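Atoms within each ligand, like the ligands themselves, are counted from 1 in listed order. Quick caveat, the model's predicted, so the values are computed rather than measured.
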Amino acid sequence: MGHKRILIVSQYSLFDQGIGSALRQQADVEVVGVCHDLEEAYGHAQALHPDVLLIISRPEIVRDNAFRLLEEISPSIIRISPTDGSMQVYHREQVDQASLDDLMTAIQATAIQFDTEGREDFEPQPVESTTDDHQTRPRRESMKHFIIVAVLVAIVTLLVIFGLNRIQLLPMLASEEGIPIDNLFGLHIIVIAFLFALIVVFMLYSIVAFRRKPGEEGDGAHLLGNTKLEIVWTIAPLATVLFFSFLGARVLGVVTAAEPDELAVDVTAAQFSWRFDYPEYDITSADLNLPLGRQAVFNITSEDVIHNFWVVEFRVKQDAVPGQVHSLRVTPTHVGQYKIRCAELCGTGHAYMLAEVNVMEPADFEAWVAGQLAPSELSGAELGAEIAQLQGCIGCHSTDGSQLVGPTWLGLYGSEEALEDGTNVPVDDAYITKSILDPASQITEGFPNVMPATYQDTLSEEDIDALIEYIKSLGE
Ligand code: CUA
């Protein structure tokens with residue numbers, strides 16, 4: 001007989017002790033465990049992978065669901081009757097015949113011996129007969145747990161909603177489009193609070209109420225699925241997600257709807273600046289100026305990499321993609337100053353890629369437009385300062401000596417720059433012009449080679465002269 005690993009399942013303790021010790025005497029048999037009901041046996045069988053399951057029980061046990069589950073995972077089951085020692089084999093085909101016969105002979109010998117000697121001590125407790133008391137008590141008990149948990153979930157949900165509303169997750173709202181967005185967000189907060197409570201309360205309650213108390217040695221009940229519960233926890237999240245996607249689609253429709261008489265603004269993002277063109281007035285600005293109450297449509301694009309136009313107070317957000325134009329609509333509802341942030345990691349200067357938004361009364365906006373259209377009487381340096389703003393130079397080059405992505409312009413003109421190749425060059429008109437038109441040709445020591453080579457297309461000779469004047473004015 002080949003080596004056999006046996007798991008004994010029996011409710012009759014004397015019986016399994018007798019068989020167990022008798023089997024242990026046999027050289028080829030290893031008793032891997034003894035358990036006292038089918039559910040415990042299921043757990044053990046999964047963990048220990050015995051070759052044979054020896055079940056000491058009445059014939060009715062085969063109608064038990066747990067027995068069928070055991071049959072699925074066990075190579076072979078021998079059921080031995082507690083009353084007459086007769087044996088029944090299930091799944092015989094999986095174990096070789098001769099060794100199974102040997103094993104049965106060995107068992108029979110011990111069983112018969114025990115049967116004749118220990119009849120008086122033998123107290124069979126039928127496996128299947130669970131009394132009413134056994135069933136109603138846990139049910140009443142679990143209903144009690146359920147009610148406590150339900151009440152706790154409700155309380156924690158309310159507390160989380162209250163707490164999240166108290167800490168003001170969002171800054172002030174300054175656009176019409178943000179109203180349905182904030183309403184939807186508020187609804188999300190409620191659902192999030194409920195889900196949080198559901199998980200945390202169930203977990204903490206279980207840890208406290210079902211902890212192992214002193215004197216408890218056995219394993220917990222082995223549960224094999226719960227179809228009703230599984231259906232509920234599949235349908236409920238699915239319905240929730242579908243409901244919110246429906247609401248989301250509706251809000252998206254409202255937020256993107258165009259009103260008549262929109263103010264068009266072409267927004268161009270570049271590393272690391274924003275430019276705003278007003279085709280209606282033929283104005284270009286480095287700040288975004290908007291009249292109160294009139295819907296603006298931003299046609300957003302990028303000159304280099306992907307950026308993202310985001311004004312938190314307006315709530316809406318849109319990628320700026322090179323080669324594409326995406327539109328975004330905002331109707332300002334509050335006069336004030338806000339910040340445009342780039343919300344897409346776009347390079348070393350990403351964090352500095354900010355621009356001002358000024359929402360003003362319509363009359364103030366008209367005045368600003370008129371001021372922009374009036375003929376300019378700026379000096380070369382003043383014009384240069386404006387170009388530096390519009391072209392985004394100051395996104396990387398500070399004018400106050402602080403270190404950004406590129407060298408500061410303060411005190412730059414007339415100094416000597418140490419280049420990456422080890423040479424020193426005097427900063428004069430020629431050096432600055434070459435740095436603007438072909439930035440990669442002379443990289444200043446200690447700075448990354450990230451300046452765009454696009455300025456030969458966007459700057460005229462006069463623009464460059466004005467920029468040089470401006471840099472000159474920042475000190476030699
Ligand atoms: Cu542009 Cu981040």
Side-chain angles (χ1 to χ4, degrees), residues 169-171 174-175 177-178 181 255-256 264-279 283-290 296-330 332 337-359 385-400 402-409 435-437 439-440 443-444 446-459 463 467:
L169 292 167
L170 296 171
S175 80
E177 288 73 10
I181 293 174
V255 165
T256 52
V265 182
D266 296 338
V267 177
T268 309
Q271 284 172 319
F272 299 96
S273 66
W274 298 96
R275 197 178 76 236
F276 308 98
D277 294 289
Y278 295 73
I283 290 173
T284 298
S285 170
D287 298 333
L288 178 59
N289 292 294
L290 297 172
V297 56
F298 304 120
N299 298 308
I300 303 169
T301 190
S302 166
E303 280 181 359
D304 35 49
V305 299
I306 300 175
H307 302 270
N308 188 296
F309 176 95
W310 186 33
V311 179
V312 190
E313 289 82 359
F314 293 163
R315 298 295 188 266
V316 288
K317 215 178 184 190
Q318 179 62 56
D319 268 351
V321 184
Q324 297 181 11
V325 177
H326 293 283
S327 59
L328 185 69
R329 292 185 159 82
V330 168
Q337 293 201 315
Y338 313 103
K339 276 246 178 320
I340 296 169
R341 281 155 222 281
C342 177
E344 188 73 57
L345 187 59
C346 54
T348 39
H350 162 72
Y352 307 111
M353 197 168 155
L354 304 167
E356 294 286 336
V357 185
N358 302 306
V359 174
E386 203 162 76
I387 292 166
Q389 273 273 350
L390 288 176
Q391 293 294 333
C393 310
I394 56 163
C396 296
H397 301 281
S398 80
T399 55
D400 60 2
S402 57
Q403 287 302 322
L404 298 179
V405 180
T408 182
W409 284 354
S435 291
I436 293 172
L437 296 178
I443 299 300
T444 307
F447 289 93
N449 176 13
V450 291
M451 179 156 156
T454 51
Y455 293 110
Q456 47 194 324
D457 305 325
T458 54
L459 292 176
D463 290 341
L467 279 171

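- The backbone N or O of Val321 lies less than 3.5 Å from no partner atom in the side chain of Asp319, so there is not a single donor-acceptor pair.
- The closest donor-acceptor contact from the side chain of Tyr278 to the backbone of Ser285 lies at 3.5 Å or more, if one exists at all.
- Sorted by chain and number, the protein atoms of type N, O or S within less than 2.8 Å of atom 2 (Cu) of ligand 1 are Cys342 SG, Glu344 O, Cys346 SG, His350 ND1.
- At a cut-off of 3.5 Å, with distance as the only test, a side-chain donor of Thr284 or Asp277 sits close to an acceptor on the other residue.
- Counting only distance, with no hydrogens or angles, the side chain of Gln271 and the backbone of Cys346 share a donor-acceptor pair below 3.5 Å.
- His307 contributes no side-chain N or O that, together with a main-chain N or O of Glu344, makes up a donor-acceptor pair within less than 3.5 Å.
- Ring orientation note: the planes of Phe309 and Phe298 are tilted relative to one another, at an angle of 30° to 60°.
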